[in-house]
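Written out below as structure tokens is the structure these notes cover.
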Amino acid sequence: MYNELKERDKAVNWHPYTQMKTAGDAIPITHGKGVYLYDNEGNKYIDAVSSWWVTLHGHAHPYIARRVFEQLNTLEQVIFAGFTHEPAIKLSENLLQLLPDNQKKVFYSDNGSSAVEVALKMCIQYAYNQGKSKTKIIAFKDAYHGDTFGAMSVSGRSVWTNPFKNMLFEVIFIDTPNHENIKDLKKQISNIAAETACFIYEPLVQGSAGMVMHQAEDLSELMKFCRQQEILMIQDEVFTGFGRTGKLFAADHLSEKPDIMCFSKGLTGGTMPMGITTCSDEIYNAFLSDDKHKTLFHGHSFTANPLACTAALASMELLLQKTTLSDIHRISEQHRQFTDILKNHPQADKVRQTGTILAWEYKTHQKTSYFNEIGKILHQEFLQKGVLIRPLGNVIYLVPPYCITSEELDFVYNTIIQIIDRKRI
Ligand SMILES: *Cc1c(COP(=O)(O)O)cnc(C)c1O
């Protein structure tokens, strides 16, 4: 059937992470409400991946909408160099209160990749400002920290970064920690500690790698060692922040504190683009000087945009409500029960869960990878049943908005079972 929006979209839009030659039509979404997205042909879909992991409280949340509308009529934007505004002050105050108590200053940008760029520049210049030459960076294998050049450099080398590989700076990649390898990891780190500026990591869950998880106690031990070796730690909570792991932040599972933290995705409840990089006073103080060369020369046109700050304030209010915190708990518990079913399912392998994040591998003859063809097929089949799930290759995962009800979640689980039960060749 001819669908005008689909045709017009094809004529002008280039979609992210999409091979435009072979991709089918993009589905025109006309509106969203709560956990549902509605297309222009009258179909509705449960958004079980929170629209790329950003939507915390459901779509078109009326409270966030009202707050942003009021702000839009008051102050929509102001240059943040030499000027400030209450939404940015209040958001920084409120956020810092929830973070490890060494986090003291907030630097604004507009997406997760930029928040990571800022963090990396803070670490490198922290050394530079003290006349030290520390330029090595450590990251986890298969990490994902974003798509700008610095963020790509600290991400695992893959098909995503191949065309640029000669232009990415050198990074030392280590395995994620477990009981067996922790000694070896420490040895690798201590060999290069003197020249190392920082260690950047996704805490507990490596999202884009396929929701690969490691244990809080092992990461804490690794962090403790980095602290002893005077290696700065950048904790990228762009994905794990704001309740995803069952606690407000992945930091709440860990016994050690990072020097720098990055946030985006759920920060505004998924309503507006914004990035935040927070840091300790130790980092911040290294940039205080009468020498102008020690300034952090970084900023974006929309740094601390008042609308985005207001959306974040409203979203955080909703997040801290007792009902939302119990929703997070409820979803985590319901996921846990579903893992028992999956673990006994012949098509499911490596079932894993951290809080509201549930993932497993769908068994196929192809190996587990982003290019495993089954992902696309399953994605289409889920859509036909009214559920938006976007597997990473053959890794199927759920990251639902916190407003999803038990019944809706059961519907998602039942749909999954129906589809993975299907006989395939
Ligand atoms: C998504 C993501 C980023 C990049 O954020 P964007 O807003 O997409 O640029 C960085 N780090 C992690 C851990 C992410 O999941």
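Remember, it's 1-based here, ligands and their atoms both numbered in the order they're listed.
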Suppose I only count heavy atoms of Gly146 and a 4.0 Å limit; which atoms of ligand 1 are within that range?
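Contacts of ligand 1 toward Gly146, numbered from 1: 4 (C), 10 (C).
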
Under a 4.0 angstrom heavy-atom cut-off, which atoms of ligand 1 come close to Phe239?
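Near Phe239, meaning under 4.0 Å from one of its heavy atoms, ligand 1 has 15 (O).
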
Which residue and heavy atom of the protein sit nearest [atom], plus the separation:
atom: atom 11 (N) of ligand 1; result: Asp236 OD2, 2.7 Å
atom: atom 2 (C) of ligand 1; result: Lys265 NZ, 2.6 Å
atom: atom 9 (O) of ligand 1; result: Ser113 OG, 2.6 Å

Residues that Gln228 engages under side chain to side chain donor-acceptor pair (under 3.5 Å), provided they are two or more places apart:
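Partners of Gln228 by the side chain to side chain donor-acceptor pair (under 3.5 Å) criterion come out as none, since no residue qualifies.
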
Under 4.0 Å, heavy-atom basis, I'd like to know which part of Val238 is in contact with ligand 1: side chain, backbone, both or neither.
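Within the 4.0 Å criterion, Val238 contacts ligand 1 through side-chain atoms alone.
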
Answer with side chain, backbone, both or neither: which part of Tyr144 has a heavy atom less than 4.0 angstrom from an atom of ligand 1?
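Both backbone and side chain.
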
Salt bridge check: are [X] and [Y] linked by an N-O gap of less than 4.0 Å?
X: Glu381; Y: Lys385; answer: no
X: Arg330; Y: Glu333; answer: no
X: Glu237; Y: Arg244; answer: no

Can you tell me if Trp53 has a non-hydrogen atom under 4.0 Å from ligand 1?
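Contact present.
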
Any nitrogen or oxygen of Gly112, main chain or side chain, under 3.5 Å from a nitrogen or oxygen of ligand 1?
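Between Gly112 and ligand 1 (N or O atoms, distance only) the closest approach is under 3.5 Å.
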
Which is it for Tyr63 and Glu317 under the side-chain hydrogen bond (donor to acceptor under 3.5 Å, both in side chains) test, yes or no, and what are the steps along the way?
CA-CA 10 Å; Tyr63 179 65; Glu317 266 178 51; 2.6 Å; yes

Per the side chain to side chain donor-acceptor pair (under 3.5 Å) rule, what does the pair list look like for residues 148-157, sequence neighbours excluded?
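Found Glu117-Thr148.
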
Does the cation-pi check pass for Lys44 over Tyr36, that is, NZ or CZ under 6.0 Å from the six-membered ring centre and within 45° of its axis?
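Yes, a cation-pi geometry.
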
